[in-house]
Structures are given as C-alpha cells and as structure tokens.
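Notes follow once the structure below has been shown.
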Amino acid sequence: MNRRAIRAIVRKDLKVTMQNKGVVIPLLLVPLIMFIALPSLVGLMPLLGNIPDSDLAEIQLLVSRMPPTLQAEFAGYTPLQLLVVMMIVYYLAPMYLIVPMMVASVIAADSFAGEKERKTLEALLYTPTTDQELLLGKLLAAWLPAVGVALVGFVCYSIVANLVAGPIMGGIFFPTPMWLILAFWVAPAIAGLGLVVTILVSSRAQGFQDAYQMGALVVLPLLALMISQATGVMFLSTGLVLLLGAAVWLLDGALLWWGGRWFRRTELFGRL
Amino acid sequence: MANQTVIETHQLSRHFGTVTAVDQLDLTITGGEIFGFLGHNGAGKTTTIRLLNGVLAPSAGTARVLGMDPVVDGPKLRYHTGVLTETPSLDDRLTGRENLRIYADLFGVPIAKVSSRVDELLGIFELTERAAERVGGYSKGMRQRLALARALLHEPELIFLDEPTAGLDPVATRHVHQLITRLSREEGRTLFLCTHNLEEAQQLCDRVGVMEHGRLLAIGTPAELIRQTYKLLSLDLEVAAADLPLALAQLSRYSTLQVQTLNHEQIRMHGIARDAIPELIATLSAAGVHIYRVNPREPSLADVYFALHEEATR
Ligand SMILES: Nc1ncnc2c1ncn2[C@@H]1O[C@H](COP(=O)(O)OP(=O)(O)OP(=O)(O)O)[C@@H](O)[C@H]1O
Ligand SMILES: [Mg+2]
C-alpha cells in the first residue's frame, strides 16, 4: 500500500469537497441542529411552561411497557427527570446516528459521482495507484470526516446535555455507557454504511445530486429505529446497541467485500 | 531506450457491445520516436491509449509496453508513462499549483523534489503568475498547459498526448510543437501523439499510423505513406519561353503523361512516376530545352489521409 498516494487522494477529495456549498451547508447545519439545538430544547422545555400531566402520564405508560432492566434504571426518577432521560438519552440517539451517515454519504456522493460529473476521474485513473489504493483513499476521504464530525458532535452533545439538563438531573448524567458505545462503536460503523451504500449507488448515478438523493435512502432504517422506540416496540439498551454496531460492521464488511470485487479501474473506464 | 521496442501489440482488440473500438491492432513503436496516431472521430485512438496504459482491459490480443504487460503491471507501468487526456481532467476547485502537487504525490515524485519540480513546470508552461488561482478560472489554453505539465511531472519516458493542440492558438500550438520536439530529440523520450491536425503530424512525426474503425489502415514515415499512396506525381516545369514548343514536342512522346501549359514558360504534367523524373529531365535537357525549375507537386499527408479513407469506405 502506497500511503503517500492514499493521503494525496484524501487530501484532494477533502479540499475539493469543502468547496461545494451543497456539501458544506448540510454538513454544518445538520450537526448544529442535532448536537446543540435539539438537546437545548429538551433541557429548556420545563422552563418554557408546565408540561401537562397527561404527557407525563403517557411517558409513564411507555415506561411500564419497557424491559424490566430499563424499568429498574428509571425507578428513582421524577416524572420530569424521566422525560429528560427519555429524550436526551433514548429518543435522540437514532437522530445522532443520522449525522455520521449523512456526512459520509454526502462526501462520498461528491467524491465518486461528482468526480465522474466533473470529468476529473480520468486523470486519477492514469496514476500509478492500484485499484485498492484508489478505493481506500476515496473511502477514507469520506469516512474520516464523518467519524470526526460524529465524535466532535458527541462531545458537544454531552456538554449541552449536562449544561441544560444537569440542574434537573442533579449533576452530570451524560454520557451513559450506552452512548459511549453509540459514539465509538456504532457511529463509525454507520458512517461506513452510508459511505458504502452511496458508492454503490453512485456507480449507477449520473451526478452528485442524483447519488446524494438515492444515498439518502439509507436513513430509512434509522427512522425505523426512532419510530420503534417512540412506540415502545424496542429500546436502545447497552446490549442492543453493542449488537446493532456489530451487525452494521458486518454489513459494512460484506458490502465492501462485494463492492471491492467490481471496483476495477478497467470497469470504470468501460463506463466513462 | 533509443532503438529499443517500447510498444508492441499483437492482435490487440477491444469491443464495447457491438462496437469494435480497436480491431486486431499490430503495432510496434521504437524508443525515442514521435509516433503520430491519426484517424477520424471514433477510430479508436483514445481507446488504444487506454489499453496501452492498463486502464482498460483488452477483449483480445496482447500488448507489451516498456517490457510490461499493461493488464498485469498497470500500476508499475504508469510510473513510466505520462498521459495527456483528451479532456484536461483537472480539478477546477483546486489551484493550478495544488493540482500539480497532488499529482506529484500520486506519481511518486521524490518528496524533497516536489516543490522544485512543480515550480519548474509552472515556469516552463508560463503559469507561475496564475498558479495560486483556481483552475476553474483558467482559459482553455491554460488548462491544456497545466494538464501537459501534470503529464510530465514524473519525467515519464513514454508520453501519450491525446490531441495536445486541439483548441490552442497558433502561438500556444507552436510552443507545444517545440516541447514535443525537445522531449523527443533532446531528452530521448518516446511520444505517442493522437492528432487531427495532419500538418502537425507531417511536420513532427517520425512515423504515423492511420486508423479507421479500429483497424490500422497504413503505417510508415509520412514520406513513405505519400509514396505508397501516390505512385504517380504531378510536376511543374519552368523552361525558357523560347523552348516551350520544343519541350511540348518532347513530352508528347510520353503517351501516359497528361500535359498542360500553364503560361508561356510553365508546364504542368500529371501521372509521372517518381523514378521517371530524372530520365525525363535528362531527355529534355539533351534536346536543348533550358530548364529553370523542376517542382514536383508533393501530395501532403492530408492528401494521403483522405485517399486512405476513401479507399477504406469504398
Ligand atoms: N466506454 C465506452 N463505452 C462504449 N463505447 C465506447 C467507449 N469508449 C469508446 N467507445 C467507442 O469506441 C469507439 C472508439 O472510440 P475512441 O474514443 O477510441 O475514438 P477516437 O479515435 O479517440 O475518437 P476521437 O477522435 O473522437 O477522440 C467509438 O465508437 C466509441 O463510441
Ligand atoms: Mg479520442
């Protein structure tokens, strides 16, 4: 493996991508909403006015449907604390995962389909890089920023959560072990998934917009996760999150193995 | 590398669905030569370059380039070849200098030399002043020059130029011609030049090959091709005005010649074999005709090109 060439590809893609407004704007906006605005809102909710008792009752109903281990965890909470924990620790967790997925998929769409669109791929294919180096460079160019944004976002989210909800919770309550696993184990895997799916889609897509829109479909499983939590079908326990991460990593590996087999420059040229 | 075989193909072919882009190509190119690859749009020139660099796989046949098989040794081979692609394929969102620096890394230019090599090429191609600007704002000629600079970063011994002067102004075109000549004559590199400019090919190339529908119609030095295609030439003759009747009388004895009087001292004849010229002049001269000028009207490579295509489509 020629590390210098891989680094050059990563550097090139990052520089080029950061100049596309269609990439940078969602890249800044979405994390800002997810990591700062949403947790702030949850923490400020009690200040904005009284939460109707009916809402709190509904939450308690939801808790009663949870697995016994989680019920035990929630046992000592006041209704308000319960609301904060449910929102910040559980409901927003799938939303958090949307960020690495989106970042990876936006950058990958720009770097694969966009490169085809801008006709800059040909010169790259004439370089002495091997097919594997080319693929690895392209993958890292999207994966590294996605993981970076997810981790920085996790730190921001933790700070904001403790700042706004700490007083209600009576001290620092975040991150929970489940969130540590989410940030360090699941988020990188999810970034990989967004990336690989977008690349597979890009090979059929005409350009950046096209690939980006099709790639956005990978968000659907995360929405499903969100809904199943909100309706009490499933809850993100520590064990489940560990398992989820493992499953996504496996899926990443399988897709990458499958995609890597057809990633040949000679095939790309057949379609240029 | 001079006089060594640099490119050798054997029955090299590539199909795209029902289209045969390259059809059983047999080609041998020697080190240090400037080889011109001619042919209509879609004749298979660009596809051949791709095959020879291992970025496209042949459907059949084999190639050896610099002693390597492009299919197997593609990455290694590409350290030694430089390609100017048909479209410059530059990153518009990067500056001129960034474009070169990144490719210097990709081509493995020694790290300590990257800056000096990039600056040197920016200088050669007169881009130093605009090097910090984004390529998106470059003119077509500037892009072409930058793409050329990029193809030469790693000092490749075999250089493929796909229409290097397309769309360039006359001054820029001359610069490119001088560059090509220098790369070959002074630095001993081999050049594989695809062009639609037949004058350029005739002027620059040691040998040319003419492609049509993926097949190689003819190959040789421009002069050879002209001679092969045009066995009979036209010849203009300027004689003393007083000798014109005598000259015409002498020429009338050659039954295959078509003779035409242009004015009171100039004759044009068609259908004369190259080998017959010395004898004809000797005969006229012996008969007492004063000859001031003998001007064979040489067909150009362009004439050959059109004749070959006409023949092929017939
Ligand atoms: N990736 C591809 N997919 C399908 N057909 C292709 C592909 N690349 C080339 N062809 C076809 O192969 C033939 C040869 O194309 P090629 O680009 O090699 O021609 P060329 O001689 O370079 O033409 P030009 O002078 O226009 O550049 C054409 O008919 C072209 O349409
Ligand atoms: Mg071409």
Side-chain angles (χ1 to χ4, degrees), chain A residues 1-24 107 110-138 140-141 207-208 261-272, chain B residues 14-17 21 46-47 49-59 70-71 73-95 98-111 114 134-136 146-147 150-151 153-154 156 160 162:
Chain A
M1 280 281 163
N2 178 348
R3 295 229 196 115
R4 187 177 166 207
I6 295 171
R7 269 202 308 272
I9 294 171
V10 172
R11 208 171 67 232
K12 172 181 106 71
D13 273 6
L14 285 183
K15 270 189 180 166
V16 168
T17 305
M18 287 314 138
Q19 298 192 17
N20 183 350
K21 285 203 191 73
V23 171
V24 174
I107 297 181
D110 188 64
S111 105
F112 277 79
E115 187 136 49
K116 195 152 77 172
E117 192 173 44
R118 296 189 294 273
K119 301 202 190 318
T120 51
L121 190 58
E122 186 164 13
L124 197 59
L125 297 182
Y126 273 114
T127 60
T129 48
T130 62
D131 294 345
Q132 288 88 339
E133 287 161 357
L134 204 60
L135 181 61
L136 196 61
K138 289 265 165 203
L140 287 177
F208 165 71
R261 279 195 321 171
W262 63 250
F263 189 84
R264 300 274 173 276
R265 75 183 66 213
T266 49
E267 292 303 310
L268 291 175
F269 254 116
R271 281 188 253 116
L272 265 189
Chain B
R14 170 70 205 212
H15 312 287
F16 291 105
T46 301
T47 305
I49 293 185
R50 290 177 175 173
L51 292 173
L52 293 177
N53 281 279
V55 298
L56 187 69
S59 310
V71 177
D73 300 317
K76 202 169 140 225
L77 169 62
R78 290 190 293 271
Y79 275 110
H80 303 278
T81 63
V83 181
L84 173 74
T85 51
E86 211 165 350
T87 46
S89 192
L90 298 160
D91 268 306
D92 279 3
R93 299 183 197 160
L94 301 180
T95 67
E98 282 169 342
N99 264 285
L100 293 187
R101 288 197 76 105
I102 281 166
Y103 276 81
D105 282 343
L106 290 170
F107 278 114
V109 174
I111 292 174
V114 169
R134 292 231 195 110
V135 171
L146 187 63
R150 185 180 57 190
L153 271 171
H154 52 305
F160 295 86
D162 203 346

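To find a chain, count down the sequence lines: A is the first, B the second, and so on, and within it residues start at 1. Everything numeric here is computed off the predicted structure, so don't read it as measured data.
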Which bit of Asp131(A) is near chain B, if near means a heavy-atom gap under 4.5 Å: side chain, backbone, both or neither?
neither

Main chain of Leu94(B), side chain of Asp91(B): is a donor-acceptor contact present, judged purely on distance under 3.5 Å?
no

Top of Pro75(B), Gly82(B), Ala57(B), Ala104(B) for chain A proximity - count of heavy-atom pairs under 4.5 angstrom:
Pro75(B)

Answer yes or no: is there an ion pair linking Arg11(A) with Asp105(B), defined by an N-O contact shorter than 4.0 Å?
yes

If we define contacts as heavy-atom pairs under 4.5 Å, which of Arg4(A), Gln19(A), Lys12(A) has the most with chain B?
Arg4(A)

In terms of heavy-atom proximity below 4.5 Å to chain B, should Leu124(A) be classed as side chain, backbone, both, or neither?
both

Of all heavy-atom pairs linking Arg50(B) and Tyr126(A), the shortest is CG-OH, 3.1 Å

Under 4.5 Å to a heavy atom of chain A? For Ile111(B) that would be both

So does His15(B) get a backbone contact from the side chain of Ser59(B), meaning a donor-acceptor N/O pair under 3.5 Å?
yes

Where on Ala147(B) is there a heavy atom nearer than 4.5 Å to chain A: the side chain, the backbone, both, or neither?
neither

Ile49(B) versus chain A, the contacting section by heavy-atom distance below 4.5 Å:
both

Leading residue by heavy atom contact count with chain A [cutoff under 4.5 Å; candidates Arg150(B), Arg78(B), Glu86(B)]
Arg78(B)

Side chain, backbone, both or neither: which part of Leu90(B) has a non-hydrogen atom closer than 4.5 Å to chain A?
backbone

For chain B, which candidate among Met18(A), Glu133(A), Lys119(A) shows the most heavy-atom pairs at distances under 4.5 Å?
Lys119(A)

